[in-house]
Amino acid sequence: MSQIMTPIEIGGLNIKNRVFLPGHTTNFALNNLPTKRNTNYLAARARGGVALIITEAIRVHPTSAGRSSTLGSSDDRCIPSFKKLTQAVHENGAVVFAQIMHAGRQANGDATRTAAWSASTIPWTRGGQVPHAMSQGDINTMVRAFGASARRMQEADFDGLEIHLGHGHLLQQFLSPASNKRTDSYGGSIDNRMRFAVEVLTEIFKCVPNMCLGIRISADEFMPDGLDPDAMVEIVAKLNMKFKLDFIHVSHSAYHGSHTIATQIADMSFPHAPFKNHAAKFKLEFPDVPILAVCRLDNIVDAAQLIDAGEADMVGLARPHIADPEIVNKFISGRDSEVTSCIACNQECIGRVEKNLPISCAVNPEVGAEANWTEIRKLRPDPKRVLVVGGGPAGMSAALSASAAGHQVTLVEGSRRLGGQVRLASQLKMRSRIGLLSKELEERVRKSNINLQLGKYISYSDEVLATFDKVILATGATLQKRDLGEGVPIISAQETIDTFCKNGTSDGEKIVIVDEEGGWISASIAEELANRGYQIHLVSPTASLFAQITTYSKLALIPRLKSSGVQFHLAAEVEVEPGRVMIKSSLNAQEVVFGDILTVVDCGPRRSNDEIYQSARVQDSARYLIIGDALSPRTMAEATYEGRAAGFFLDLDLAISALES
């Protein structure tokens, strides 16, 4: 029997099981205060059975706010809002800790007209804002700010505090020799670099001596001159000797514009639990202190292995809880097979945070609208006969939602298999986890009372369309190839996967990939082919690579492609002539000519398959609803969102109005 559902005591608090929700940015706040969305979001996870919730980062000072959608605690006006949040979490059975921090040099003031603060004048990334090097007076101000924040969080009825010393934020910027180049008493030796953190913790322990207090650290910065596990063990040992910490939350990475940041929120290209050795090391070094482990723990069954092996005392599942707030309850009740799996795509969680948007989820479009959906499910629309055309994520989501709303649903798919382009993409090794989305949707469709018809193609003239009250068109988009010239084979992305990515390897044959979407289609094909031995030349008409992929994935992707020999041609166009392919720079007169290209892969704009919708008679058009790529070629996130919304309401405009209110 696993120990993961057994209780644990931390700092005098009885915590009912060993699963916690780690802090992660949601961008649900308004004017740096928690909103109903924050409260409803965490309450849903508490109802779902998680034992401990740690809030997203709560900024202790205005210079760390960055934008108004983050949480802040810089004055007493925040206390009532946080009290509503803690009350909701407590009422739903979970313990809740406040994570307090200052982001330091990455908290640029574009939105708040503040300067970034740090230990030294080293930007967080090339081209980043040069931070203000904190004076002794600034340090004293920040020490007081941490103490005042701790007091406010206690008054807001939080059960404990997590002081963030990791992820390249301000306290880590002082700790790390990679970001601290000071020559005063706060720089140089390890004790000097620790001085700021010691002063902050001293102030917090003085202000809230009776709270459960612990730290979050990065065990490894994964960067030159950065902190490594041995250095962090030494630092934590000194801190624990001085303060007797109630827990140590072991994470990793630094917020720095390099590969390290890609490890912080490891996507599907990383294996499960790639950094569990860090928690194990700290458990070995600090056997009497509860150790919290985190990062790419994909599900409770696998995460339980860390508990049972004695490598950690609690395990944190952030993205799996975004994907399914009921993950713990389903495990407890033996319904683990019903969990909606996180596919570690980073698309709608950190990808939207990067754009300063509220988080969502590609597999759970209800994120951030939990209260809305609770009310929506109480509605009982008049039952209708609904036809869904297309069995990709949009179509399956629509069919399931419509069936759950009480409609009589028929789902028709032209091919013999469900899944659409997601199933196609999952055939690529580094994108295989994406297949969980289509697999789990298909399992639910087959277990439902949906009338599923495969291998049945419907055209706009098919008489069966007239026999349904509502027709939802989820017919997807075509991965097309354009006329780039003659004399060298030009194939589409789908043809590439069917022809080259399934069969055999190469001894260095050259393939040119033309990438106009800047997304995962070209990137994953390039990686698959390069790993099979092909020499890949990837051409982008823009001056940047993969603009549609979040930085948190891109900073791992690009180094992998480079190490596989992929050559990049930016701001360039491709022309094909008999026997040769020319890559021409649009910035200068530079031209590269190849006479030995095996084929050209065109990853240009996709074309919506909207023939049925476009052919509908005007007087009959209200019966038709078009969603997903058929509406406009985008991503799986829009497909699942529009599918779930349209399936219930049978009207996309009405659905969006209800969900976004």
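- Checking side-chain atoms of K470 against main-chain N and O of L625 turns up no donor-acceptor pair under 3.5 Å.
- S403 and V409 get closest at one heavy-atom pair: N-CG2, 3.6 Å.
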Checklist line | Derivation and outcome, salt bridge (Lys or Arg N to Asp or Glu O under 4.0 Å), residues E495 and K481 | finding: CA-CA 10 Å; E495 291 170 325; K481 59 185 178 184; 3.7 Å; yes

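- Among the candidates K439, R446, K447, the single residue satisfying the salt bridge (charged side-chain N to carboxylate O under 4.0 Å, His left out) test with E443 is K439.
- In summary, R634 and E642 engage in a salt bridge, as defined by a charged side-chain N under 4.0 Å from a carboxylate O.
- Considering only heavy atoms from C-beta on, M268 comes within 4.5 Å of R431 through its side chain.
- Side-chain N/O atoms of N609 and T478 include a donor and acceptor closer than 3.5 Å.
- If you check the side chains of D308 and S2, you find a donor sitting under 3.5 Å from an acceptor.
- Residues L538 and A526 approach most closely at CD1-CB, 3.8 Å, considering heavy atoms.
- In this structure, a donor-acceptor pair under 3.5 Å is present between the side chains of S269 and D267.
- Note that the CG atom of L52 and the CG atom of N17 stand 9.5 Å from one another [nearest 0.5 Å].
- Side-chain contact, S522 with D515: a donor N or O sits under 3.5 Å from an acceptor N or O.
- Between the side chains of S415 and E413, at least one donor N or O sits under 3.5 Å from an acceptor N or O.
- Counting only distance, with no hydrogens or angles, the side chain of T6 and the backbone of Q3 share a donor-acceptor pair below 3.5 Å.
- Side-chain atoms of R335 and S333 include a donor-acceptor pair closer than 3.5 Å.
- Here E370 pairs with R45 in a salt bridge; the nearest charged N to carboxylate O distance falls below 4.0 Å.
- Here the side chain of E354 pairs a donor or acceptor atom with the backbone of T551 at under 3.5 angstrom.
- Salt-bridge formation is not detected for the pair K429/E527: no Lys NZ or Arg NE/NH1/NH2 atom is positioned less than 4.0 Å from an Asp or Glu carboxylate oxygen.
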Next item on the list: Applying ring-ring contact (aromatic ring centres under 6.0 Å, His included), run through F222 and F275 and close with a yes or a no.
Entry: CA-CA 12 Å; F222 297 120; F275 309 111; 5.4 Å; yes

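- Side-chain atoms of N40 come within 3.5 Å of backbone atoms of K36 as a donor-acceptor pair (strictly under, hydrogens ignored).
- Taking 4.5 Å as the limit, some side-chain heavy atom of D498 sits within range of a side-chain heavy atom of K502.
- At a threshold of 4.0 Å, the pair D324-K330 counts as salt-bridged, since one of the basic side-chain nitrogens sits closer than that to a carboxylate oxygen.
- Side-chain contact between R560 and V566 is absent, with no heavy atoms from C-beta onward closer than 4.5 Å.
- Looking at E516 and R606, no side-chain N of the basic residue comes within less than 4.0 Å of a carboxylate O on the acidic one, giving no salt bridge.
- Using a 4.0 Å cut-off between charged side-chain N and carboxylate O, E326 and R47 make no salt bridge.
- Remark: R385 qualifies as a cation-pi partner of F468 under the 6.0 Å distance and 45° angle criteria applied to the six-membered ring.
- The closest donor-acceptor contact from the side chain of S432 to the backbone of S426 lies at 3.5 Å or more, if one exists at all.
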Item checked: Full working for ring-ring contact (aromatic ring centres under 6.0 Å, His included) between F270 and H252 -> CA-CA 14 Å; F270 289 81; H252 53 271; 8.8 Å; no

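- Aromatic ring centres of H259 and Y552: separated by at least 6.0 Å.
- Atom CZ of R607 sits in a crowded spot, with more than 12 heavy atoms from other residues, nucleotides or ligands closer than 6.0 Å.
- In the model, Q480 has no side-chain atom that pairs as donor or acceptor with a side-chain atom of S492 under 3.5 Å.
- The closest donor-acceptor contact from the side chain of S401 to the backbone of R644 lies under 3.5 Å.
- Ion pairing of E375 with K378 is present here, as a side-chain N (NZ or NE/NH1/NH2) and a carboxylate O approach within less than 4.0 Å.
- Separating the OG1 atom in T55 from the CD atom in Q99 is a distance of 6.0 Å, to the nearest 0.5 Å.
- Scanning all heavy atoms of the two residues, the minimum distance from I359 to T25 falls at CG2-O, 3.4 Å.
- Side-chain atoms of T410 and V388, non-hydrogen and from C-beta on, never get closer than 4.5 Å to each other.
- In this structure, the side chain of S253 does not engage the main chain of T263 through any donor-acceptor pair within 3.5 Å.
- The backbone N or O of P559 sits less than 3.5 Å from a side-chain atom of S563, completing a donor-acceptor pair.
- The closest donor-acceptor contact from the side chain of N364 to the backbone of I322 lies under 3.5 Å.
- Salt-bridge formation is not detected for the pair R319/D298: no Lys NZ or Arg NE/NH1/NH2 atom is positioned less than 4.0 Å from an Asp or Glu carboxylate oxygen.
- The minimum heavy-atom distance linking G647 with I472 is given by the pair CA-CD1, 4.2 Å.
- Contact annotation: the side chain of L292 never approaches that of V294 to less than 4.5 Å [non-hydrogen atoms, C-beta and beyond].
- With hydrogens and angles left out, the side-chain atoms of E440 and S341 include a donor and acceptor closer than 3.5 Å.
- What you find for F648 and L379 is that their closest heavy atoms are CZ-O, 3.9 Å.
- Ring geometry for Y534 against F500 counts as perpendicular: the plane angle is over 60°, on a 0 to 90° scale with 30° as the lower cut.
- The backbone N or O of T26 lies less than 3.5 Å from no partner atom in the side chain of R37, so there is not a single donor-acceptor pair.
- For the pair A493 and I525, the tightest heavy-atom approach, listed with the atom from each and the gap, is CB-CD1, 3.7 Å.
- In this structure, a donor-acceptor pair under 3.5 Å is absent between the side chains of S459 and D462.
- Counted within 6.0 Å of OH on Y613, heavy atoms from surrounding residues, nucleotides or ligands total 12 or fewer; the atom is thus considered open.
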